Asks: 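Pasting a structure here, questions to come.
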Amino acid sequence: MATTLEQLGAEAAGCPRCPLAATRTQVVFGVGHPNADLVFVGEAPGREEDLRGEPFVGRSGQLLDRLVLEEMGLTRDRFYILNTVKCRPPDNRDPRPLEIEACNPWLEGQLDLIQPKVVVTLGNFATKLLLGTTEGITKLRGRTYPFRNGSVLVPTFHPAAVLRGGGEPMAKVRADLVRAKEAMGLTTVTP
Ligand code: URA
């Protein structure tokens, strides 16, 4: 059993557990601080992530980085970011239930090793999986949930939904990030 994220990532790099193994360029395991208090959980890699091997490096990721910096004062070296499904679904289709299930042990392993205080789920797939519910993100966001090992889960919209939806979802994501910051015990910084 892997005892470090590096070891787990090396094991995941050759993962054959679902059909996405045949179409991916590489497994996009996750990046950031290995003992971060804060973990973001996205959906699945897109084209740029599949090519670069890093989560959230496209437009959604740039927006997320900006909002996290503005609302929480944190840069990527201070948190960890990963996806529910580690390989790109072809043509950016939604991940399938079997793919999410096959990939879940990697996600569980990552959370066990990182032991964050706060987990922010981005969008429906991560939120439904980690809260074990079929309820949608619109209903679930806006509050914190007790999560494993005394941590807290803060669901919010996926940044792609903000790119599509504009000001209203953006204001809600900002509010959720402030919620996450408070849950981390960080004080609000006035610019
Ligand atoms: N969207 C995600 O959910 N994850 C990524 O890594 C990129 C876009």
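Values in this document were obtained by computation on a predicted structure and should not be read as measured data. Remember, it's 1-based here, ligands and their atoms both numbered in the order they're listed.
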Asks: Looking only at distances, please establish whether an N/O atom of ligand 1 is found under 3.5 Å from an N/O atom of F56.
Replies: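 Yes, F56 has an N/O under 3.5 Å of an N/O on ligand 1.
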
Asks: As a test of understanding, state which of N104, V41, T121, V85 forms a side chain to side chain contact (heavy atoms under 4.5 Å, CB included) with L129.
Replies: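 The option that passes is N104.
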
Asks: Enumerate the atoms of ligand 1 whose separation from the nearest heavy atom of G42 is less than 4.0 angstrom.
Replies: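 Per the distance check, 3 (O).
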
Asks: Would you indicate which of S60, A44, G61 comes nearest to atom 5 (C) of ligand 1 when only heavy atoms are counted?
Replies: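 Comparing heavy atoms across S60, A44, G61, the nearest one to atom 5 (C) of ligand 1 lies in A44.
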
Asks: Out of all atoms in ligand 1, which are within 4.0 Å of some heavy atom of P55? Include the element for each.
Replies: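 Heavy-atom distances to P55 below 4.0 Å select 6 (O).
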
Asks: Can you pull out the closest protein heavy atom to atom 1 (N) of ligand 1? Residue, atom name and distance to 0.1 Å, please.
Replies: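 Of the protein heavy atoms, H158 NE2, 3.3 Å lies nearest.
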
Asks: Determine whether more than 12 heavy atoms belonging to other residues, nucleotides or ligands lie under 6.0 Å from atom CZ of R148.
Replies: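 Atom CZ in R148 is packed in, count exceeds 12.
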
Asks: Does G58 reach ligand 1, in the sense of a heavy atom lying below 4.0 Å from it?
Replies: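 No, G58 has no heavy atoms under 4.0 Å from ligand 1.
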
Asks: For atom 4 (N) of ligand 1, what's the nearest protein heavy atom and its distance?
Replies: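 Heavy-atom neighbour on the protein nearest atom 4 (N) of ligand 1: N83 OD1, 2.7 Å.
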
Asks: With heavy atoms of E43 as the reference, note each atom of ligand 1 found under 4.0 Å away.
Replies: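 Selected atoms, number and element: 2 (C), 3 (O).
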
Asks: Is the closest side-chain donor-acceptor distance between T75 and D77 under 3.5 Å?
Replies: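 A pair is found: one side chain offers a donor N or O, the other an acceptor, under 3.5 Å apart.
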
Asks: Per the ring-ring contact (aromatic ring centres under 6.0 Å, His included) rule, what does the pair list look like for residues 69-113, sequence neighbours excluded?
Replies: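 Applying ring-ring contact (aromatic ring centres under 6.0 Å, His included) to every pair that reaches into residues 69-113, excluding sequence neighbours, yields F40-F79.
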
Asks: Under 4.0 Å, heavy-atom basis, I'd like to know which part of A160 is in contact with ligand 1: side chain, backbone, both or neither.
Replies: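 It is neither; nothing of A160 touches ligand 1.
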
Asks: Considering all heavy atoms of both residues, which atom of P55 and which atom of N83 are nearest to each other, and what is their separation?
Replies: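 Minimum heavy-atom contact is CB-ND2, 3.7 Å.
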
Asks: Pairs in or reaching into residues 128-184: which pass ring-ring contact (aromatic ring centres under 6.0 Å, His included), with residues at least two apart or in two chains?
Replies: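 For residues 128-184: F56-H158.
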
Asks: Does the E11 side chain pair with the main chain of L8, one donor and one acceptor, at a distance under 3.5 Å?
Replies: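 No, because the side chain of E11 does not come within donor-acceptor range (under 3.5 Å) of the backbone of L8.
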
